[in-house]
Amino acid sequence: MKERILVTGGTGYIGSHTVVELQLAGYEVIIIDNLSNSTIDSLAGIEKITGIKPSFENLDCVDYVGLDYMFSKYEGIKAVIHFAASKAVGESVQKPILYYRNNVNGLMNILDLMPIHGVQNILFSSSCTVYGEPDMLPVNETAPTKPATSPYGNTKQICEEIIRDVIHSGAFMNSIILRYFNPIGAHPSAQIGELPIGVPSNLVPFITQTAIGIHNKLNVFGNDYNTPDGTCIRDYINVVDLAKAHVVAVKRMLDCVQDEPLEFFNIGTGRGVSVFELIHAFEMSNHVKVPYTVVERREGDIEKVWADPQKANTILGWKAEISVEDTLKSAWNWEKRLHETRKV
Ligand code: WQD
């Protein structure tokens, strides 16, 4: 009997790649998603890769009654991976209530219903945003969290604290929190990938859309930072590598081998890459030009942040393996496939 994993937000970018790796690892996956920032087509993409179509419920995590029914329908869930959340930093500044309701209420409903339905384990999708501008680099899990610079980042911090407090209350619960750095790229099959709705705010989808001609040029948000080439530095991690980190984290919880009922892991490559370096790597890897112009800094941008992934490397036995170059090739292949489907 396959162990059942509930993946909220499982038709989304990181969710869909994680569903693929969970299925390949032998788990049965149930997806709930409200399709507010993804499409049902992800299910077909997942099935094309693994041959297994996951169970799917069109459900919003803020719908307590609907969630309760879902937990009753799918008995024996061994763990929840909670991706479902709004994640656009800029939008969160414009619509804070939407972000607090969706991201915080959604998690609280899950946490409330888990013990009622005998579900003990939750893996939470967090972000390096909680560290703000770190005092030391590379940043490890002991680094202090900093006041959030956006409602989006604040919801991640609040959700981490809610999980901490629920576990501290003595609830029948274990949790692992993964703090992602910058996920990029797509599955090598080009069957699933990042599907930004509207104009992308993240760098790599804007690069690929510029390269394919959707935009005339890329705006580089500032080259006057205190970095070698003046542009911001990030830890760009391949989305498939990131998805595999979720599989080993779930196994750690199910095997009951956690050192603590709540553990944190930074999931990054440990390598900082600047905006200019990424543009250049994309052009060299894909033999395509990316016209760009340098404009004003973007408010709220962190100057430089990259991970110290040693804890994940040693305790989870997980390490990022796919190069930035190969990741950028996968991003380009995905964009070209999207372009073909747009033509249809
Ligand atoms: C990266 C760099 C920009 C777009 C955010 C969230 C984080 C995570 C990933 C969800 C920055 C520069 C970008 C553009 C540019 N989200 N840039 N021109 O802001 O590091 O992280 O997305 O989990 O939580 O905070 O990612 O890709 O937006 O920006 O110059 O058109 O690229 O200034 O230096 P960010 P990003």
Side-chain angles (χ1 to χ4, degrees), residues 7 9-21 23 31 33-54 56 58 60 83-91 94-95 182-221 236-240 242-243 275 278-293 295 298 322 324-344:
V7 179
T11 54
Y13 174 39
I14 301 167
S16 57
H17 288 81
T18 301
V19 169
V20 163
E21 299 307 323
Q23 289 184 333
I31 294 175
D33 202 303
N34 67 2
L35 302 177
S36 63
N37 195 26
S38 59
T39 75
I40 195 90
D41 297 345
S42 301
L43 299 179
I46 291 166
E47 188 176 7
K48 283 204 182 106
I49 297 167
T50 65
I52 307 165
K53 187 169 186 176
F56 173 73
N58 185 339
D60 194 321
F83 290 109
S86 302
K87 64 158 195 163
V89 174
E91 184 188 45
Q94 308 304 325
K95 302 176 182 173
N182 285 59
I184 62 170
H187 194 269
S189 66
Q191 294 297 333
I192 53 175
E194 192 167 6
L195 260 179
I197 293 179
V199 178
S201 60
N202 288 135
L203 178 60
V204 169
F206 208 105
I207 286 177
T208 58
Q209 288 190 5
T210 301
I212 207 138
I214 294 172
H215 310 293
N216 296 328
K217 61 179 170 43
L218 165 74
N219 289 323
V220 172
F221 298 137
Y236 294 99
I237 175 165
N238 180 285
V239 66
V240 175
L242 175 60
V275 175
L278 203 76
I279 294 169
H280 183 64
F282 181 85
E283 292 180 325
M284 298 298 285
S285 306
N286 296 304
H287 312 295
V288 64
K289 285 302 284 176
V290 179
Y292 68 83
T293 181
V295 298
R298 180 173 68 176
I322 306 169
V324 169
E325 293 71 22
D326 285 345
T327 301
L328 293 170
K329 284 177 187 170
S330 71
W332 182 228
N333 290 335
W334 170 245
E335 185 64 55
K336 287 188 287 186
R337 181 162 178 275
L338 283 181
H339 189 64
E340 288 309 309
T341 52
R342 285 185 202 114
K343 280 185 194 168
V344 173

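For clarity, every value in this text was computed on a predicted model and none was experimentally measured. Keep in mind that the numbers below use all heavy atoms, side chains included, and drop hydrogens, waters and symmetry copies.
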Practice item. Would you check, one step at a time, whether the test side chain to side chain contact (heavy atoms under 4.5 Å, CB included) holds for Y292 with V275? Key: CA-CA 11 Å; Y292 68 83; V275 175; over 6 Å; no
Review point. So do Y236 and L203 actually touch side chain to side chain, heavy atoms under 4.5 Å?
Key: yes
Review point. Could you state the interatomic distance from CG (L242) to OG1 (T18), rounded to the nearest 0.5 Å?
Key: 6.0 Å
Practice item. Could you tell me the separation between the CZ atom of F83 and the CG atom of N37, rounded to the nearest 0.5 Å? Key: 14.0 Å
Revision key, fill the gap. Nearest heavy-atom approach of R298 to S201 is NH1-O, 3.2 Å
Practice item. Grab the two heavy atoms, one from N238 and one from S330, that are nearest each other, plus how far apart they are. Key: ND2-OG, 4.5 Å
Point to revise | For the student: nearest non-hydrogen atoms of I212 and K336, plus distance | key: CD1-CA, 3.7 Å
Practice item. Could you tell me which non-hydrogen atom of N216 sits nearest to which non-hydrogen atom of P291, and how far apart they are? Key: O-CG, 3.5 Å
Point to revise | Non-hydrogen side-chain atoms of V220 and I279 separated by less than 4.5 Å | key: yes
Practice item. With the side chain counted from C-beta on, respond yes when V288 and F282 share a heavy-atom pair under 4.5 Å apart, and no when they do not. Key: yes
Check your understanding: Is it true that a side-chain atom of E283 and a backbone atom of V290 form a donor plus acceptor pair closer than 3.5 Å?
Key -> yes
**Study point:** Test item: side-chain donor near acceptor, T11 and S42, under 3.5 Å
**Key:** no
Study note, to complete from the structure: In this structure, CD1 of I214 is separated from OG1 of T210 (nearest 0.5 Å) by 8.5 Å
Point to revise | Approximate separation, where rounding is to 0.5 Å, of I207 CD1 and L328 CG | key: 7.0 Å
Under 3.5 Å, side-chain donor or acceptor atoms of residues 186-196 against the rest of the protein: list the pairs with distances, not counting sequence neighbours.
from : atom 1 : to   : atom 2 : distance (Å)
H187 : ND1    : S189 : N      : 3.1
H187 : ND1    : S189 : OG     : 2.7
S189 : OG     : Q191 : N      : 3.1

Practice item. With rounding to the nearest 0.5 Å, note down the distance linking OG in S86 to NZ in K95. Key: 9.0 Å
Practice item. For V239 and G185, work out which heavy atoms get closest and say how close. Key: CG1-O, 3.6 Å
Check your understanding: Any side-chain heavy atom of W332 sitting closer than 4.5 Å to one from K329?
Key -> no
Review point. Quick one: does N219's side chain have a donor or acceptor within less than 3.5 Å of a partner on F221's backbone?
Key: no
Check your understanding: Do side-chain atoms of Q23 reach the backbone of I52 as a donor and acceptor pair under 3.5 angstrom?
Key -> yes
Check your understanding: Do N202 and K87 pass the side chain to side chain contact (heavy atoms under 4.5 Å, CB included) test, and can you show the C-alpha distance, the side-chain angles, and the key distance before you say yes or no?
Key -> CA-CA 11 Å; N202 288 135; K87 64 158 195 163; 4.3 Å; yes
Review point. Any sub-3.5 Å donor-acceptor pair from N34's side-chain atoms to S36's backbone N or O?
Key: yes
Exercise for review: Drop me the distance from I237's CD1 to N182's CG, to the nearest 0.5 angstrom.
Suggested key: 10.0 Å
Study note, to complete from the structure: Smallest heavy-atom separation, D33 atom then S38 atom, equals OD1-OG, 3.4 Å
